[in-house]
A.B. asks: 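Sharing a structure, written as C-alpha cells. Questions coming.
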Amino acid sequence: AQDSSQLMLNCFQLLDDPDVKIKLRTQSLVYPALQSLDMDLPSYRENAHFPPLSRSFGVRILSEYFTTDKSLEKAMLFNQHVPVESSYLFQYVNWSSLLPEKFKKGQFYNSPTLGSSQLAKKYPGFLDVRASPLLADDRKLHRLPLTYVITCQYDVLRDDGLMYVSRVRNAGVRVTHNHVDDGFQGILSYHEFKIGHRTQNQYLNWLSENL
Ligand SMILES: *[C@@H]1O[C@H](CO)[C@@H](O)[C@H](O)[C@H]1NC(C)=O
C-alpha cells in the first residue's frame, strides 16, 4: 500500500460518479472493515488475539492503506490518532449507541482520546469516507441499494459490520444481515470447514432471490 484511499472502491464512488450509468441493485459486505477511527470497539477488545486477524495485525493493515509511516500505526494502536477538529465523526462510529445490547455485554464506552492534528494533515485518508464508509451521513447512506452484510462473532471487524447494519437500516435502506455466531474472519476462504460452506450457501441463496 502506498498512499491513501484510492486503493479502495466503495459503493459511494459508483453512486457519485457521473460516468457510471448502471443502477446498482445490491451491495454485499463480507465481514468488512468500515472505519479506522475507533480501534477500541468491543470486538477489537474481545478478539484482540483471535486468529487469523489479531488487533495489532488489523491495525497494521488498516494503517498501511494510508501510509507505511509507523507513526500512524502506533497512534492507532493507542487509539489516539483522531484530532480534535474531527471528533464530531465519532458520532458515526459510536458503538455505545449503535451496537445491539447483546454485543455490548456490560462493556464501558471510553470517550476517545484525541490526537495531534499533524498525523491527520499528513494522512487525511483515514478520515475520508471513501476509506471509511461508516463516516457517511444518513442522507448519503439513504441512497445505498439493497444491502447484504455478513458479520462473524470472533472477529475484530465484527462491530464495524454491526454498526453499519444499524446505521444503514436507520437511514431507511433494506438490509439482510447474517451474523455467524461461530464464525471468524475469513470463513468463506476455509473450504475445509462446514461453516464456510454454510455461510456461502446462505449468501448464494440470498443473491439468487434478490438479483
Ligand atoms: C456515544 O453515545 C453515548 C450513548 O448514546 C453518549 O452518551 C456519548 O456522548 C456518545 N459519544 C460520542 C463521542 O458521540
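The first residue of the sequence shown is numbered 1, and numbering continues consecutively from there. Order of listing sets the numbers, starting from 1, for every ligand and every atom in it.
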A.B. asks: Which residue holds the protein heavy atom closest to atom 11 (N) of ligand 1, what is that atom called, and what is the gap in Å?
C.D. replies: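 Ranking protein heavy atoms by distance from atom 11 (N) of ligand 1, first comes N94 ND2, 3.0 Å.
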A.B. asks: Indicate whether atom 9 (O) of ligand 1 is within a distance of less than 4.0 angstrom of some protein heavy atom.
C.D. replies: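 Given the 4.0 Å cut-off, atom 9 (O) of ligand 1 does not count as touching protein heavy atoms.
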A.B. asks: Which heavy atom of the protein is the closest neighbour of atom 4 (C) of ligand 1, given with residue, atom name and distance?
C.D. replies: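 It is S96 OG, 3.4 Å.
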A.B. asks: Would the distance check show the side chain of D155 and the main-chain N or O of F184 forming a donor-acceptor pair, the cut-off being under 3.5 Å?
C.D. replies: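 The answer is no, because no donor-acceptor pair under 3.5 Å joins these two groups.
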A.B. asks: Any idea which atoms of ligand 1 are less than 4.0 Å away from a heavy-atom of Y109?
C.D. replies: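 This gives 11 (N), 13 (C) as the contact atoms.
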A.B. asks: Indicate yes or no: does K104 engage D159 in a salt bridge with an N to O separation below 4.0 Å.
C.D. replies: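 So K104 does not pair with D159 through a salt bridge.
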A.B. asks: Relative to the ring of W206, is the ring of Y148 parallel (under 30°), tilted (30 to 60°) or perpendicular (over 60°)?
C.D. replies: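 Y148 and W206: tilted rings.
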A.B. asks: Look only at the side chain of S189 and the backbone of G186, and say whether a donor-acceptor pair between them is shorter than 3.5 Å.
C.D. replies: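 Confirmed, S189 side chain pairs with G186 backbone.
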A.B. asks: Does any N or O in the side chain of H81 come within less than 3.5 Å of the main-chain N or O of L72, such that one atom is a donor and the other an acceptor?
C.D. replies: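 Checking the backbone N and O of L72 against the side chain of H81, no donor-acceptor pair under 3.5 Å is found.
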A.B. asks: When you measure from atom 5 (O) of ligand 1 to every protein heavy atom, which one gives the shortest distance, and what is it?
C.D. replies: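 Going by distance alone, atom 5 (O) of ligand 1 is nearest to S97 CB, 3.6 Å.
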